[in-house]
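Shown next, in structure tokens, is the structure this report addresses.
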Amino acid sequence: MDSRASEIPTTGSDDATSLYNEPDQLMRVVECLTSQRRHVPLWYLYDTRGSELCEEMIQTSKSYKLWHHEYNILRSHADDIASKVSFPAVLIDLGSAASSKTRLIIEALLKRHGKFTFVPVDTAKEFIETCGRQLQRDYAGLTVEPFGGMFMDGVRHSAARTGAKLLLFLGSSIGDVSIYEQLKMLQDIRAQLSEQDRFVCGVDMNTDRETLSEAYGEQWIPIWRDNLISRLNKDFGGDMNHEMFKYNFEFVENPADGDTPSYVQLSLSSSGKQRVHFGKLGLDVDFQDGERIYFYDGPNTSCKWNLKQLRRLAERSGFAVDACWANDEGNYCVICLAPADVRRLSV
Ligand SMILES: C[S@@+](CC[C@H](N)C(=O)[O-])C[C@H]1O[C@@H](n2cnc3c(N)ncnc32)[C@H](O)[C@@H]1O
């Protein structure tokens, strides 16, 4: 056994300065589930099992192509991205999961600098610790310091470090943040960065209803219905039956010349009127026929932008577009944002 790997330092929910506290977060799930518009926070779908299933699906699916689109762009431009920050650099990966595409950036930074620190940030704490140990075994010169917790806690935690920061938000995860919170979140991120830092986001731009309905189709049922219901039953002693809930995909198309992106909306709906009992909470939850449980607080599960909308969002958040790399199909891009006062390039 690699002794370095077993000594991997961890921060996050054990860190007194973090706002992430699992019992509080679990109570938040109960609040969401019992609110008038029943929903679960998106992070709750990604326990260790959910994260494993998701990683396997996004890499092997023939119809969900985001992972491959982003991988191909990063493979071509990892050196360009690494060149955006000077040494000593800190790489922070928001919603890192397995960091499978991040490996390309890690390799480019190591080639350039020989060593640096990597901070994966994700609520799936055990999962990123396991993946972090593997990364540390795979790359000499890499120090991995996983942060188990919420996005903004991870940003604040990392902002205090010295050295230029390269902040990644891959997998079009920005599109999973509620459309009501995206601007505020980007403004908060901007406030934590300084001139030398860069914020690199992967963004899905596909608005073709047919390919989206295939991409977000039945292949997600084992993860977003079955695993979610198993987790709810385990955490709260529930008797939810997954066969009594139907998985639904909808696509809401907004005008391409407006600020609001189009988005995918995913939900489960109750097949018939039913009562679910959560033994650990002493709570009964009644569902009407067709009543929905949405994923995430906002209306969107996954936003689909165009470049004009992205640029506008960046500018309103205090960022300038430093570089943008799109694929040939024009349906995925990786965008590099710089704090606006150090604007160097514009695409
Ligand atoms: C769509 S996956 C993206 C994974 C990876 N970045 C990629 O591109 O393949 C989103 C990840 O974000 C994490 N996540 C979701 N909401 C979060 C939150 N509010 N704070 C921290 N992590 C969160 C999930 O646990 C999950 O691993």
Side-chain angles (χ1 to χ4, degrees), residues 11-13 15 18-22 24-26 28-29 32 39-61 64-75 91-106 118-132 135 146-158 167-178 181-182 184-185 188-189 199-204 215-216 220 223-224 227-228 231 264 266 295-298 300-303 332-334:
T11 49
S13 48
D15 176 352
S18 170
L19 298 178
Y20 185 70
N21 172 308
E22 267 174 62
D24 283 357
Q25 294 300 335
L26 285 184
R28 171 91 190 112
V29 174
C32 294
H39 62 279
V40 287
L42 199 75
W43 62 263
Y44 190 72
L45 301 168
Y46 298 92
D47 56 356
T48 297
R49 185 71 190 131
S51 301
E52 286 165 355
L53 288 170
C54 187
E55 188 62 31
E56 191 188 331
M57 215 286 289
I58 60 179
Q59 289 200 39
T60 56
S61 169
Y64 184 88
K65 299 184 176 156
L66 273 66
W67 190 94
H68 291 280
H69 288 328
E70 192 170 68
Y71 183 87
N72 290 336
I73 296 173
L74 293 178
R75 192 176 49 187
L91 179 68
I92 303 134
D93 189 3
L94 299 183
S96 55
S99 298
S100 46
K101 285 164 272 132
T102 308
R103 283 174 173 260
L104 296 165
I105 309 292
I106 290 173
F118 174 49
V119 184
V121 174
D122 204 298
T123 42
K125 186 169 180 276
E126 273 174 37
F127 188 66
I128 62 166
E129 284 170 359
T130 306
C131 296
L135 287 171
F147 181 93
M150 304 295 264
F151 294 137
M152 279 314 298
D153 289 339
V155 173
R156 281 186 281 269
H157 166 82
S158 313
L167 191 62
L168 301 180
F169 205 9
L170 300 180
S172 206
S173 296
I174 174 77
D176 303 338
V177 175
S178 162
E181 292 167 22
Q182 284 164 358
K184 167 91 169 60
M185 182 176 174
D188 289 347
I189 289 175
F199 180 35
V200 171
C201 282
V203 182
D204 193 21
Y216 292 92
W220 287 99
I223 310 172
W224 285 351
N227 189 64
L228 168 66
R231 184 173 188 188
V264 164
L266 302 176
F295 301 154
Y296 214 77
D297 301 315
N300 54 299
T301 307
S302 180
C303 288
Y332 203 92
C333 77
V334 172

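In this chain, numbering begins with 1 at the start of the sequence shown. All ligand and atom numbering here is 1-based and tracks the order in the structure. What's counted below: heavy atoms across the whole structure, side chains too, no hydrogens, waters or symmetry copies. Values in this document were obtained by computation on a predicted structure and should not be read as measured data.
Between the Asn300 side chain and the Val177 main chain, a donor and an acceptor come within less than 3.5 Å of each other. For the pair Trp220 (side chain) and Ala215 (backbone), a donor-acceptor distance under 3.5 Å is present. Within the 3.5 Å criterion, the main-chain N or O of Tyr44 finds a donor-acceptor partner in the side chain of Arg231. One N or O on the side chain of Ser172 and one on the backbone of Asp204 form a donor-acceptor pair closer than 3.5 Å. Remark: the backbone N or O of Met57 is not paired with any side-chain donor or acceptor of Ser61 at under 3.5 angstrom.
Distances from atom 20 (N) of ligand 1 to the heavy atoms of Phe151, Trp67, Phe147, Phe169 show the closest one on Phe151. Looking at Pro41, Gly149, Ala124 and measuring to atom 21 (C) of ligand 1, the nearest heavy atom belongs to Gly149.
At least one heavy atom of Ser173 sits less than 4.0 Å from an atom of ligand 1. In this structure, Thr102 has no heavy atom closer than 4.0 Å to ligand 1.
Within the 4.0 Å heavy-atom criterion, neither part of Ala98 lies near ligand 1. Contacts of Leu42 with ligand 1, taken as heavy-atom pairs under 4.0 Å, are absent altogether.
At a threshold of 4.5 Å between non-hydrogen side-chain atoms, the residues Leu45 and Asn227 do not count as touching. Ile58 has its side chain out of reach of Leu66: every pair of non-hydrogen atoms, C-beta onward, lies at least 4.5 Å apart. Between Leu91 and Thr102, some side-chain heavy-atom pair lies under the 4.5 Å cut-off.
Contact atoms of ligand 1 toward Ile58: 9 (O) (distance under 4.0 Å to a heavy atom of the residue). Atoms of ligand 1 lying under 4.0 Å from any heavy atom of Leu170, numbered from 1 in the order shown and given with element: 6 (N), 8 (O). Within ligand 1, counting atoms from 1 as listed, the ones closer than 4.0 Å to a heavy atom of Ser96 are 5 (C), 6 (N). Heavy-atom contacts of Gly171 reach the following atoms of ligand 1: 8 (O) (cutoff under 4.0 Å). Less than 4.0 angstrom separates some heavy atom of Thr123 from each of these atoms of ligand 1: 14 (N), 20 (N), 21 (C), 22 (N), 23 (C), 25 (O).
In this structure, the protein non-hydrogen atom closest to atom 9 (O) of ligand 1 is Lys101 NZ, 3.2 Å. In terms of protein heavy atoms, atom 1 (C) of ligand 1 is closest to Tyr46 OH, 3.6 Å. The shortest contact between atom 16 (N) of ligand 1 and any protein heavy atom is with Trp43 CB, 3.4 Å. Closest to atom 25 (O) of ligand 1, if we only count protein heavy atoms, is Asp122 OD1, 2.6 Å.
No side-chain donor-acceptor contact under 3.5 Å links Trp224 and Thr301.
Backbone and side-chain nitrogen or oxygen atoms of Asp93 are examined, and none is located within less than 3.5 angstrom of a nitrogen or oxygen of ligand 1. Some N or O of Gly95 is nearer than 3.5 Å to an N or O of ligand 1, by distance alone.
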In sequence, state the C-alpha distance, the side-chain angles, and the governing distance for Phe151 and Phe169, and then conclude on ring-ring contact (aromatic ring centres under 6.0 Å, His included).
CA-CA 10 Å; Phe151 294 137; Phe169 205 9; 5.0 Å; yes
For the pair Glu181 and Lys184, evaluate salt bridge (charged side-chain N to carboxylate O under 4.0 Å, His left out) and give the outcome as yes or no after the intermediate values.
CA-CA 5 Å; Glu181 292 167 22; Lys184 167 91 169 60; over 6 Å; no
